[in-house]
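Proteins get letters first, then strands, A, B, ... in listed order; numbering begins at 1 in each.
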2 protein chains.
Amino acid sequence: MSEVEAAPRACTIAASLAVIGEKWSILVIRELSLGVHRFDAIQRNTGAPRDILSSRLRRLESEGVVEKQLYQLHPPRYEYRLTEAGDELRPILLSLAEWGARWTDETTHATWLHECGAELDLKHTCAACGGEVTGLDLRRRHRSESAA
Amino acid sequence: MSEVEAAPRACTIAASLAVIGEKWSILVIRELSLGVHRFDAIQRNTGAPRDILSSRLRRLESEGVVEKQLYQLHPPRYEYRLTEAGDELRPILLSLAEWGARWTDETTHATWLHECGAELDLKHTCAACGGEVTGLDLRRRHRSESAA
DNA sequence: CTACAGGGTTGGAAAAATCAACCCTCTGTG
DNA sequence: CACAGAGGGTTGATTTTTCCAACCCTGTAG
């Protein structure tokens, strides 16, 4: 009778998706990354419905990824900026951009360039050993134990 | 007069999301990356409803990210594997995993380790200049012109 | 004969996303 | 003053997705 009931795998990929995995969220973050900070412009550039955009911005704000800043009183006007946590989503955007360029047949889109002028071509290396990261090696380790 | 009608930004991030951006898709790809290839196990490990999983696998297959392989006749049984395109989604998974570990308060999850034994800590560098990639620099360049 | 593995499909209920229209505060124009 | 536009949303009705539980089918094990 020990019904183990098989919970889904708890992992940080799922945890990330719980924050930014809803429809439109990543495109909103893309716009903020590109320096577009206002509701109307974000709405136009992403194509998200206004009500959904409103809801996503609130969600991202409550998750600490986005900050709302008053830039004018009378009438109050806000703009949205990435927090540090939001800024660190950049590698995700870059990886998505690169994959899409390589594996989708978008031909009319803009190209992503690195500041050096070269077309986006990322290398992902392990900060510890310097080796290229190829495998996905999951190991269970409960981090709460290091908190004494 | 000239109604520009402001189409949303065409970009490869959006193109990628059109392929893998639906709910559960990335978790399915995570499982395949981890070597879990069968319907039931993917269903248990992700927590996705069976009908949705079925629909996602078909979608990913038709997008060329996943391949369905018969591993037994009588009764016919299939397993799912990543194609080369699917395999190259790995950097996206890794970036998501890393961000989640740093910015979400998941404490009971497993940790991702590189094969060298160190905890996941990625460096993203430009293959051309070797410099760390920090900016997101979008430039319009129509690629169809180089196809003569 | 019954149970279980494996891989799904089906129908109905619940939740999300979409769309169009509206609201509110100002500022600028005639 | 009246009206339009910028900017940032909200509201209500409709359509799509998701979710859930139950079912189906083939074959093996007890």
Query raised in the report: Should B:Y80 be listed as having a side-chain N or O under 4.0 Å from OP1 or OP2 of C:dG6?
Result: no
Requested in this report: Mind calculating the distance between CD1 (A:I42) and C1' (D:dG9) to the nearest angstrom?
Outcome: 13 Å
Query - Whole angstrom value for the distance that separates P of C:dG6 from NZ of B:K68 - result: 17 Å
Query raised in the report: Just by distance, do the side chain of A:E98 and the backbone of A:L122 share a donor-acceptor pair under 3.5 Å?
Result: yes
Requested in this report: Output yes when A:R81 and A:E67 qualify as a salt bridge under the 4.0 Å nitrogen-oxygen rule, no when they do not.
Outcome: no
Requested in this report: Rounded off to whole Å, could you give me the CG-to-P distance for the A:D40 and C:dC26 pair?
Outcome: 18 Å
Requested in this report: Please answer whether the main-chain N or O of B:P8 pairs with a side-chain N or O of A:R44 as donor and acceptor at a distance below 3.5 Å.
Outcome: no
Query - No-hydrogen, no-angle side-chain donor-acceptor test under 3.5 Å, A:W112 and B:T12 - result: yes
Query raised in the report: Do any side-chain nitrogens or oxygens of A:Y78 fall under 4.0 Å of OP1 or OP2 in C:dT25?
Result: no
Query raised in the report: For B:E79 and C:dG6, what is the distance between atoms CD and P respectively, to the nearest whole Å?
Result: 12 Å
Report task. Output all residues satisfying side-chain contact (heavy atoms from CB on, under 4.5 Å) with B:D51, sequence neighbours left out; order by chain, then residue number. Result -> B:P49
**Report entry** Whole-Å gap separating P (C:dG8) and CD (B:Q43)
**Finding:** 12 Å
**Report entry** B/S/- contact track for nucleotides 23-28 of chain D, protein heavy atom under 4.0 Å
**Finding:** ---BS-
**Report entry** Residue pair A:T125 / A:V133, side-chain heavy-atom distance below 4.5 Å
**Finding:** no
Query - Distance, rounded to the nearest Å, where B:D51 contributes CG and C:dG12 contributes P - result: 15 Å
Query raised in the report: Below 4.0 angstrom, N of the basic side chain to O of the carboxylate: do A:E132 and A:K123 qualify?
Result: no
Query raised in the report: Counting N and O atoms only, with roles assigned by atom type, does the side chain of A:T46 sit under 3.5 Å from a partner on the main chain of A:I42, one being a donor and the other an acceptor?
Result: yes
Query - Stretch residues 56-63 of chain B: residues that reach within less than 4.0 Å of DNA chain C through a heavy atom - result: B:R58
Query raised in the report: Sub-3.5 Å donor-acceptor pair from the side chain of A:W99 to the main-chain atoms of B:A85, do we have one?
Result: yes
Query raised in the report: Would one find a side-chain N or O of B:S54 under 4.0 angstrom from OP1 or OP2 of C:dG7?
Result: no
Query - Distance in angstrom units between A:F39 CZ and C:dC24 P, rounded - result: 18 Å
Query - Comparing B:A48 and A:Y71 on DNA chain D - which has the more 5′ nearest nucleotide - result: A:Y71
Report task. Keeping the roles fixed (side chain from A:S95, backbone from A:P91), state whether a donor-acceptor pair exists under 3.5 Å. Result -> yes
Query raised in the report: Charged N to carboxylate O below 4.0 Å: is that the case for A:R59 and A:E61?
Result: no
Query raised in the report: Listed in order of residue number, which residues of residues 17-38 of chain B have a non-hydrogen atom at under 4.0 Å from DNA chain C?
Result: B:R38
Report summary line: In whole angstroms, the gap separating P of D:dG8 from CD1 of A:I52 amounts to 19 Å
Query raised in the report: Between A:Y80, A:Y71, A:Y78, which is the residue that forms a side-chain contact (heavy atoms from CB on, under 4.5 Å) with A:R38?
Result: A:Y71
Query - salt bridge (Lys or Arg N to Asp or Glu O under 4.0 Å) contacts touching residues 24-36 of chain B (sequence neighbours left out) - result: A:R9-B:E31
Query raised in the report: Is the backbone N or O of A:S16 less than 3.5 Å from a side-chain atom of B:T104, with the two atoms forming a donor-acceptor pair by type?
Result: no
Report summary line: Axis-to-axis angle across the helix from C:dC1-D:dG30 to C:dG30-D:dC1, five pairs each end, nearest 10 degrees, ~ 10°
